[in-house]
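I have placed the structure first, in the form of structure tokens, so that the comments after it can refer back to it.
Note on naming: letters A, B, ... go to the chains in the order of the sequence lines (proteins, then strands), and numbering restarts at 1 for each one.
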Amino acid sequence: MALKVYNSLTRKKEEFVPLTQGRVLMYVCGPTVYAMSHIGHARSAVAFDVISRYLRKTYEVRYARNYTDVDDKIIAAANKEGVSSEELAERYIKAFDEDMASLGVAVPDVRPKATETIEKIIEVTRTLIDKGMAYASNGDVFYSVRRKADYGKLSGKKIDELEAGARVDVNESKQDPLDFALWKASKPGEPAWESPWGKGRPGWHIECSAMCMVHLAERIDIHGGGKDLIFPHHENEIAQSEAATGKAPYAKYWLHNGFVNIEREKMSKSLGNILNIREVLENQTGEAVRLFLLGSHYRNPIDYTQDSLKEAEAGLERFYKTVGRIAQECPAALSMKAALVAEKLALVTEAMEDDFNAAGVIGIVFGEVTRINRILDDARGAGVAPSADELAASLALFREVAAFLGVFGATPEDYAARRRAIAAVDAAYVERLIAERNSARKAREFKRSDEIRAELLAKGVVLEDTPSGTVWSVKG
RNA sequence: GGCGGCGUACCCAAGUGGUUAAUGGAGCAGUCUGCAAAACUGCCAUUCAGCGGUUCGAAUCCGCUCGCCGCCUCCA
């Protein structure tokens, strides 16, 4: 078996062969930190989190994800609030990190900031001027798009057609309207750094090229980001990096995640339907959000609806309830050290090696959940003990999958606790009513016991009378 | 107009050349239960937008048609 990945550069699924045997260098475009991060940021981060975790099983991985902390939007937002760009950026970096932690996103190996890479940005810019690929003009420096013969190879665009489109920034200082800024002369009050071209700040695209060179290498294995970044951002990154280093391809595999739509509409400022991660987490566990995001292949568009997250939460509930049953009905399975069943592992591997098909893996997990419940039901019905070996093997499979999917890895108790925390239910109150209801049931006062159950249900608490007593959980 | 993608059950979504087309949610019936809930069992796509073609064989490959979406402007 061999890992295959869809490469945006070749528009094909290709076998994954790293540049250096056994090592993977991976860079993913992170957020521009001027506002709270939204569900789209979450999707990108989760998708590449799973990809990096999976690659780590086989390779030594160095994964960098940047923060764009100097940019027009940051400056605008900071001015509006009357704070410095730096202060604003730091605030949203912190918020982003917290959101990522809520979603179980592992911290990348390196998290560079544009403002910490100015030296390299200036160096690369100077190299591009020296090589005749860029030119300085009134304190700005522009990259000359027409001087690179294969410009447009990632996005499939042709320079002349772009020109015809004419939806490009008109700027007197440019030799060609398509040229893009490597360095921007700063206006008074803007964050600025000294440079050979006067005080200024980096353009958007150059920072990623520079950060890649500093923290990874001149050529990397994987470059990721949202689909919308293909043009112009990644196209320009390729142009700069390859022109500056003379080495190609800059990134061997380009991976792009699809969008999150909200109720069938594109998420956008103008529609006012930007869905922040925090808003979603008010009603759902981070794990459910993650399961929802992983439920479709990372390249496909995914539609967020009111029901979609509830379904993900219901799925998790089913999963943890089943694991809880094993603990109750066959505790021996928990402490056993069981080997993975080769055929099951093969199914999981096959799915993941097909362009990281996490959705397929989730399907396998739920198939296993049904199987476990059947084993437990059969054993209970026959009055015999279930096969601890078999259950332990399933648990081993769950652990294996949880390690790279970042879901299904908690304990049933932790999961239940998080659900209760969201619902903000007073446990003592619930326990008291359950005790009262159980006395009523014992006395066969079913009318009263049903009233209590209805009362709790109205508050979002679901009761279940099991052989080992009454348990409660929070309704999804 | 250029480039890319998608169309699988009531909803979501795997499957991309070969026995009865995963999984989850919803629904219906049954087992269990004081009644429920949960769990399990059965039912729910003879068919994969449509039409042709290639093949012994296609949801899967090719062509065309229809429909939808994204990028081409800041955007995960």
Restricting to nitrogen or oxygen on both sides, can you table the protein-nucleotides 2-6 of chain B pairs closer than 3.5 Å?
from: B/G2; atom 1: O2'; to: A/E161; atom 2: OE1; distance (Å): 3.0
from: B/G2; atom 1: N2; to: A/K157; atom 2: NZ; distance (Å): 2.9
from: B/C3; atom 1: O2'; to: A/S155; atom 2: O; distance (Å): 3.2

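Base-pair partner of B/C10: B/G25 (Watson-Crick or G-U wobble, both distances under 3.5 Å). In this entry B/G4 has B/C69 as its Watson-Crick or G-U wobble partner, both defining distances falling under 3.5 Å. Pair check for B/A39 finds B/U31; Watson-Crick or G-U wobble, both atom distances under 3.5 Å. The nucleotide B/U46 finds no pairing partner, because no Watson-Crick or G-U wobble arrangement with both distances shorter than 3.5 Å includes it. The partner of B/G18 is B/C56, judged by Watson-Crick or G-U wobble contacts that both fall below 3.5 Å. Nucleotide B/G63 has B/C51 as its partner under the Watson-Crick or G-U criteria, with both atom distances under 3.5 Å.
Residue A/S296 is in sugar-phosphate contact alone, with no base atom involved, counting any heavy-atom pair closer than 4.0 Å across all strands shown. Residue-level contact check: A/F231 touches the backbone only, with heavy atoms under 4.0 Å from sugar-phosphate atoms and none from bases. Residue A/N357 is classed as a sugar-phosphate contact, given heavy-atom separations below 4.0 Å to backbone atoms only. Among the heavy atoms of the strands, none lies under 4.0 Å from A/G381. At a threshold of 4.0 angstrom between heavy atoms, the contacts of A/S449 include nucleobase atoms, whether or not backbone atoms are also involved. Heavy atoms of A/G226 sit under 4.0 angstrom from primed sugar atoms or phosphate atoms, though from no base atom. Within the nucleic acid shown, A/D450 comes within 4.0 Å of at least one base atom, counting heavy atoms only. As judged by a 4.0 angstrom heavy-atom cut-off over every strand, A/V260 is placed among the base-contacting residues. In this structure, A/I302 reaches neither bases nor backbone, as no heavy-atom distance under 4.0 Å exists between it and the strands shown. Using a 4.0 Å heavy-atom criterion, one finds that A/H233 contacts no nucleic acid atom at all. The residue A/D354 sits close only to the backbone: its heavy atoms come under 4.0 Å of sugar-phosphate atoms, none of a base. Here A/L463 lies in heavy-atom contact (under 4.0 Å) with a base.
If you take atom P in B/C3 and the same atom in B/C44, they sit 45 Å apart, rounded to whole Å. Using C1' as the reference atom, B/A14 and B/C6 are 15 Å apart when rounded to the nearest Å. Here the separation of B/U20 from B/U47, taken at their P atoms, is 14 Å to the nearest Å. Taking the P atoms as reference points, B/U19 lies 14 Å from B/G57, given to the whole Å. Between B/G42 and B/C68, the distance separating the two P atoms is 40 Å to the nearest Å. Rounded to a whole angstrom, the distance from the C1' atom of B/A58 to that of B/G17 is 6 Å. B/A29 and B/U65 have their C1' atoms separated by 43 Å, with the value rounded to a whole Å. Comparing the C1' positions of B/C40 and B/U33 gives a spacing of 14 Å, expressed to the nearest Å.
In this model, the phosphate group of B/A76 is not approached by any side-chain N or O of A/N257 to a distance below 4.0 Å at OP1 or OP2. Distances shown here put a side-chain N or O of A/R374 below 4.0 Å from the OP1 or OP2 atom of B/U41. The side chain of A/R437 contributes no N or O atom lying less than 4.0 Å from OP1 or OP2 of B/G34. For B/A37, neither phosphate oxygen OP1 nor OP2 lies less than 4.0 angstrom from any side-chain nitrogen or oxygen of A/W472. A close approach under 4.0 Å does not occur between any side-chain nitrogen or oxygen of A/R264 and OP1 or OP2 of B/G70.
On a pure distance criterion of 3.5 Å, a polar donor-acceptor pair joins the side chain of A/D465 and the base of B/C35. Side-chain atoms of A/R43 stay outside donor-acceptor range of the base of B/A76, with no qualifying N/O pair under 3.5 Å.
The closest side-chain donor-acceptor pair between A/E313 and A/T285 falls under 3.5 angstrom. A/T370 and A/R318 share a donor-acceptor pair across their side chains, judged by distance under 3.5 Å alone.
Closest approach of A/L255 and A/I51 over heavy atoms only: CD2-CD1, 4.0 Å. Here the closest heavy-atom approach between residue A/P31 and residue A/N66 is recorded as CD-O, 3.6 Å.
Of the candidate nucleotides B/A38, B/A37, B/U41, B/A37 has the atom lying nearest to any side-chain atom of A/V462. With B/G34, B/C75, B/A39 as the candidates, the nucleotide lying closest to the side chain of A/K266 is B/C75. Distances were taken from every side-chain heavy atom of A/R318 (C-beta onward) to each of B/A76, B/C35, B/A39; the shortest belongs to B/A39. When distances are taken from the side chain of A/E464 to each of B/C74, B/G34, B/A38, the shortest belongs to B/A38. Of the candidates B/G34, B/G25, B/A76, the closest approach to any side-chain atom of A/R441 belongs to B/G34. When distances run from any side-chain atom of A/R444 to the nucleotides B/A39, B/C71, B/G34, the shortest one goes to B/G34. The side chain of A/T32 has B/A76 as its nearest neighbour among B/A76, B/G25, B/C40.
For the pair A/Q306 CD and B/C11 P, the interatomic distance rounds to 19 Å; values are reported in whole Å. Taking atom CG of residue A/L376 and atom C1' of nucleotide B/C40, one finds them 11 Å apart after rounding to whole Å. A straight line from NZ of A/K12 to P of B/C61 spans 15 Å, rounded to a whole angstrom. When rounded to the nearest whole Å, the span between CD1 of A/I452 and C1' of B/A36 equals 14 Å. The NE2 atom of A/H297 sits 19 Å away from the P atom of B/C12 (whole-angstrom rounding). Here B/U33 presents its P atom at 15 Å from CZ of A/R453, a figure rounded to the nearest Å. Atom CG of A/N438 and atom C1' of B/G34 are 13 Å apart (whole Å). One atom, CZ of A/F446, and another, C1' of B/G34, lie 4 Å apart when rounded to the nearest Å.
Using cut-offs of 30° and 60° on the angle between ring planes, the pair A/F96 and A/Y67 is perpendicular.
Residue A/T470 holds its OG1 atom at 10.0 Å from CD of A/E464, rounded to the nearest 0.5 Å.
Between A/H205 and A/H234, the gap from one ring centroid to the other reaches at least 6.0 Å. Under the 6.0 Å cut-off for aromatic ring centres, A/Y253 and A/F16 qualify, their centroids lying closer than that. No close placement of the A/F408 and A/F398 rings is indicated, their centers lying 6.0 Å or farther apart.
Taking A/K252 as the reference, A/V17, A/L19 meet the side chain to side chain contact (heavy atoms under 4.5 Å, CB included) condition, with sequence neighbours excluded.
Salt bridge status for A/R441 with A/D450: absent, with no side-chain N to carboxylate O gap under 4.0 Å.
At distances below 3.5 Å, not a single donor-acceptor pair connects side-chain atoms of A/R201 with backbone N or O atoms of A/A185.
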